[in-house]
Structures are given as structure tokens and as C-alpha cells.
Amino acid sequence: MTHARWSPRTLAAQALGRIDEASRAVVPPIHVSTTFLRDPDNQYRSGNVYGRADNETVREAEAVIAALEGASAAMVLGSGMSAATAVFLALAPGDHVVIPKVMYWAMRNWLLTDAVRWGLRIETVDTTDLAALRAAVQPGMTKLVWLETPANPLWSITDIAAAAAIAHGAGALLAVDSTCATPLLTRPLALGADLVMHAATKYLNGHSDVIAGALATAATGEFWDRIRRNRSMLGQILGPLEAFLLLRGMRTLPLRVQAACASAMELATRLANHAWVADVLYPGLPSHPGHDIARRQMQGGFGGMLSIRVRGGESAAIATAAAVELFKRATSLGGVESLIEHRASIEGPGTPCPPDLLRLSVGIEDPADLYADLDQALRHAHP
Ligand SMILES: *Cc1c(COP(=O)(O)O)cnc(C)c1O
């Protein structure tokens, strides 16, 4: 399949149209072998030597992600965290990096504790404020600018193209955690980013049954090779069974994302008028501070994630989450089932997350049912 010719939905549905040549199977087999036969003349002409570095099922998942992101190459790893940390561990101790104030909390905690101990010099900045970002990068010193957009849990939007110009002007790479945008809504590489990261656990797999991570790069080269070497040496790999589930999940990615976006927009609009909701944070609403950039930067929707601030503060928010019947009270996001979470409880000290905030991951259920469930829960919490 020529990737330039077909749309992302078509490429995803057929997992690039690959078939198994030996059997003519339309769904390629799962390759589980950890080792490969050497040729009699001592060569490895198949390109496969050992399973920690080489696996065909893993490569098939990578090819789909690379096509969807318009990347030169993609890499899948054992989790979103292993994908994100692999990028930072490919830097050198002493390197200066700039990270956002609002971002995935576990990654922020790792960067501000372990990565600092390892020797990275980390500066935290509000990346939605381009003047602040410009002031934070140090020409010749900053090696990496990390973004997340839309960013957990406020769904802040950073202008990727503008941030790429700032990072490149200082000689730094730009990497984007695009988990919540998915490759369908935003293609960071086309906007100037050098690297894209996904918690493939979320939308890419989409069924809450695989932990996986992915990286995609605009250009292969020394930095990409170092990440690849780290994956192999540190063994941050995805197993072939998980890679197969990820491949299967990605076949329906465009349909799931489309449904989640439409339902999230409907819920955001209706909840913005709800008596017990003080605020709705969703980039699709004109009231959201990132709306104008999101309209330029996101195509086909504003994502399936939104947060609401509940009238009555933290106790009312927790009581609302306690009263849902359809939404599942659970962490994570991007699955077919809708989830609700009191985020401040999980993020702990230093979180920018207000205590009255509930994070919603909108699945593919009927949006009328989802609204009815939130409405009854909000009423239950405000007798
Ligand atoms: C879940 C998530 C991660 C971490 O991914 P894991 O697969 O849980 O390791 C990173 N970034 C974002 C935005 C996420 O939602």
C-alpha cells in the first residue's frame, strides 16, 4: 500500500494492507520466536538475530504508527513511560531540557526527581505562553523541549509550530507527547516537531488491555539510534502478543476517535450549561483559552478528554464520581469505555489540578446515556 495515496482511516483499517506471504493470511501471524537461524556462511540475511531487538510483529505495529504520523520511523516500547523516559535517557548528563508545567503527572514526577538525579538540568515553564518558552530555552545549551498537547488534566493547548521554531532557534529538538491528540487529530511532525510520543496504552490500542508506548521521528540519525539502542540494551520492549493486540486495536482507531470526539463535544456543550458545573475544560469550547490554536492545530475534532469543575468543591466532586452508574471510576484514558476520575487525589502535591476537578475520558457509548449518567450523579451530589 502506498502510504501517500490512502487516507489514515484506510491505512489503519487494513494495518497497511500487509498479508503473510507464506500462508496468504490476511491477518499476519504473531511472531513469537526469540531467536533466528544463521545462514550457513555465518550471515543473518533475514536481518533478524535476537528477539530483544528483532520482532516482525513489533515492526508491523511500528509501520502503522509511522504511516499515521507521517514519520521516517517509529518504535514501540513496553509502556508510554518507557517511550518518554527513553527520549530523556538518550540525552547526556548536564543537558538542559524544558518541560511544561501542565503534563502527565508520573512523567513530571520522574523528570523532577530521577532525571534530575541522573544529571539532566530541567526547567519547567508554561509552554502555552510562547514568550515564557522563548525565555526558558538557552541557545546552545537546551537540547530538548518537551510538550504535551492537549495536556493533562486541564487540556491546555500549546502551539506546536511556534514551539518548534523556538526550540530549533536555540538548537534544541522538539518532542511532543501527543497521546490525547492521537495521530488522527494532530500530526506534530508536519508542524515541525522532531519526535512524537504516544502512550499507546490509550487511544492507539483503545481497549484498556495493553500497556504500550510509541515514538515516531521526523528523521532517523544519531539521536534516534541512541534511543533504539537504549530500548534494546535496557530491554524496554513490547512483547509480540501485546504488539499484535496493539495492531488489532489500531485498525479501528479512526472510528473510535471520531466517536469519542463527537461525544466529548456534545457532553462539553451540555455540561457547560449544567447548574452544578462551575466550568468545563475542553479545547472544543470557544471559552477554552487554547481554542483558537486547537482549531488550527487539530483536525476532525478536539479529542475525547475533558474535565469539569464541580460546584461545591472537592467533596461535591468526589460525591459526583461516587454516584455514577455508567462511567467507570478509574484512572487511564482512551478506551472504548468512559472513565471518570478525581484527578487531584492521584496527582498529589505540586499538582496544577484544582481539587474540584473531575477528569472524563469519553468512550464510544451513546452520548445521551453518558450525559444522563453525569446529570444524575451531579444531582445526587447536590441534594
Ligand atoms: C498514560 C500516559 C502516559 C504514560 O503511559 P503508560 O503507558 O501508562 O506508561 C504518558 N503520557 C500521557 C499523556 C498519558 O496519558
Side-chain angles (χ1 to χ4, degrees), residues 58 61 65 69 74-89 99-112 114-115 127-128 146-158 160 175-186 188 193 195-216 227 231 234-239 242-243 245-246 249-250 253 256-257 260 264 281 283 290 298 302-307 330-335 337-341 343 346-347 351-353 357 359-363:
V58 164
I65 293 166
E69 285 292 0
M75 207 185 301
V76 296
L77 299 95
S79 66
M81 280 299 285
S82 62
T85 56
V87 174
F88 288 90
L89 293 174
I99 65 164
K101 277 211 165 92
V102 177
M103 68 183 293
Y104 181 66
W105 69 285
M107 193 55 201
R108 188 190 59 210
N109 288 350
W110 181 81
L111 286 164
L112 298 178
D114 302 77
T127 55
T128 68
W146 184 267
L147 301 182
E148 181 177 325
T149 184
N152 262 289
L154 309 178
W155 316 115
S156 336
I157 301 291
T158 295
I160 296 172
V176 181
D177 181 341
S178 197
T179 297
C180 294
T182 82
L184 278 308
L185 307 178
T186 307
L195 286 166
V196 182
M197 174 249 149
H198 287 282
T201 310
K202 314 294 171 56
Y203 289 99
L204 292 183
N205 179 62
H207 294 74
S208 310
D209 53 9
V210 171
I211 299 280
L215 295 170
I227 298 172
R231 177 182 67 165
L234 305 179
Q236 296 178 314
I237 59 171
L238 191 68
E242 287 74 12
L245 283 173
L246 173 58
M250 287 192 294
L253 173 69
R256 289 185 282 104
V257 169
L281 307 178
M298 304 181 81
F302 298 92
M305 298 301 300
L306 66 143
S307 295
T331 197
S332 198
L333 58 95
E337 63 290 297
S338 294
L339 306 178
I340 189 166
E341 183 175 35
R343 233 7 239 178
I346 201 165
E347 297 207 0
T351 174
C353 179
L357 181 144
R359 187 181 82 171
L360 308 178
S361 171
V362 179

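Order of appearance sets the numbers: ligands from 1, and atoms from 1 within every ligand. Numbers here simply count residues along the sequence, with the first being 1. What you see is a predicted model; the values in this text were computed from it and never measured.
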What's the shortest distance from atom 2 (C) of ligand 1 to any protein heavy atom, and which residue and atom give it?
Lys202 NZ, 2.5 Å

re atom 7 (O) of ligand 1, the protein heavy-atom contact at minimum distance is Thr201 OG1, 2.6 Å

Short question: side chain of Ser79, backbone of Gly213 - any donor-acceptor pair under 3.5 Å?
no

Met81 neighbourhood, listing ligand 1 atoms whose heavy-atom distance to it stays under 4.0 Å:
4 (C), 5 (O), 6 (P), 9 (O)

Are Met81 and Tyr104 packed together at the side-chain level, in the sense that at least one heavy-atom pair is separated by less than 4.5 angstrom?
yes

For the CG atom of Asp177 and the OG1 atom of Thr158, what is their distance to the nearest 0.5 Å?
11.5 Å

Tell me the contacting part of Met107 for ligand 1: side chain, backbone, both, or neither, using a 4.0 Å heavy-atom threshold, strictly below.
neither

Grab the two heavy atoms, one from Arg231 and one from Val58, that are nearest each other, plus how far apart they are.
NH1-CG1, 4.2 Å

To the nearest 0.5 angstrom, please state how far the CD1 atom of Ile346 sits from the CH2 atom of Trp105.
5.0 Å

Is Pro183 close to Val196 at the side-chain level, that is, under 4.5 Å between some pair of heavy atoms?
no

So, for Cys180 and Leu333, which heavy atoms are closest and what is the spacing to 0.1 Å?
SG-CD1, 4.0 Å

Could you tell me, atom by atom, which parts of ligand 1 come under 4.0 Å of a heavy atom of Leu333?
15 (O)

Ligand 1 atoms nearer than 4.0 angstrom to some heavy atom of Asn152 are 13 (C), 15 (O)

Taking only heavy atoms of Met197, which atoms of ligand 1 are found under 4.0 Å from at least one of them?
10 (C)

Identify, for atom 6 (P) of ligand 1, the protein heavy atom at the shortest distance, and state residue, atom and that distance.
Gly80 N, 3.4 Å

Shortest non-hydrogen contact from Leu306 toward Trp155
C-NE1, 3.4 Å

Structural part of Ala212 in contact with ligand 1, heavy atom criterion under 4.0 angstrom
backbone

Mind checking what makes salt bridge (Lys or Arg N to Asp or Glu O under 4.0 Å) contact with Glu341, not counting sequence neighbours?
Arg343, Arg359

Heavy-atom nearest neighbour in the protein, as seen from atom 13 (C) of ligand 1, with distance rounded to 0.1 Å
Asp177 OD2, 3.3 Å

Could you find the nearest protein heavy atom to atom 4 (C) of ligand 1 and give me its residue, atom name and distance?
Tyr104 CE2, 3.4 Å

Please state which part of Met103 comes within less than 4.0 Å of ligand 1, counting heavy atoms only: side chain, backbone, both or neither.
neither

Distance filter under 4.0 Å to Glu148 heavy atoms, resulting ligand 1 atoms
13 (C)

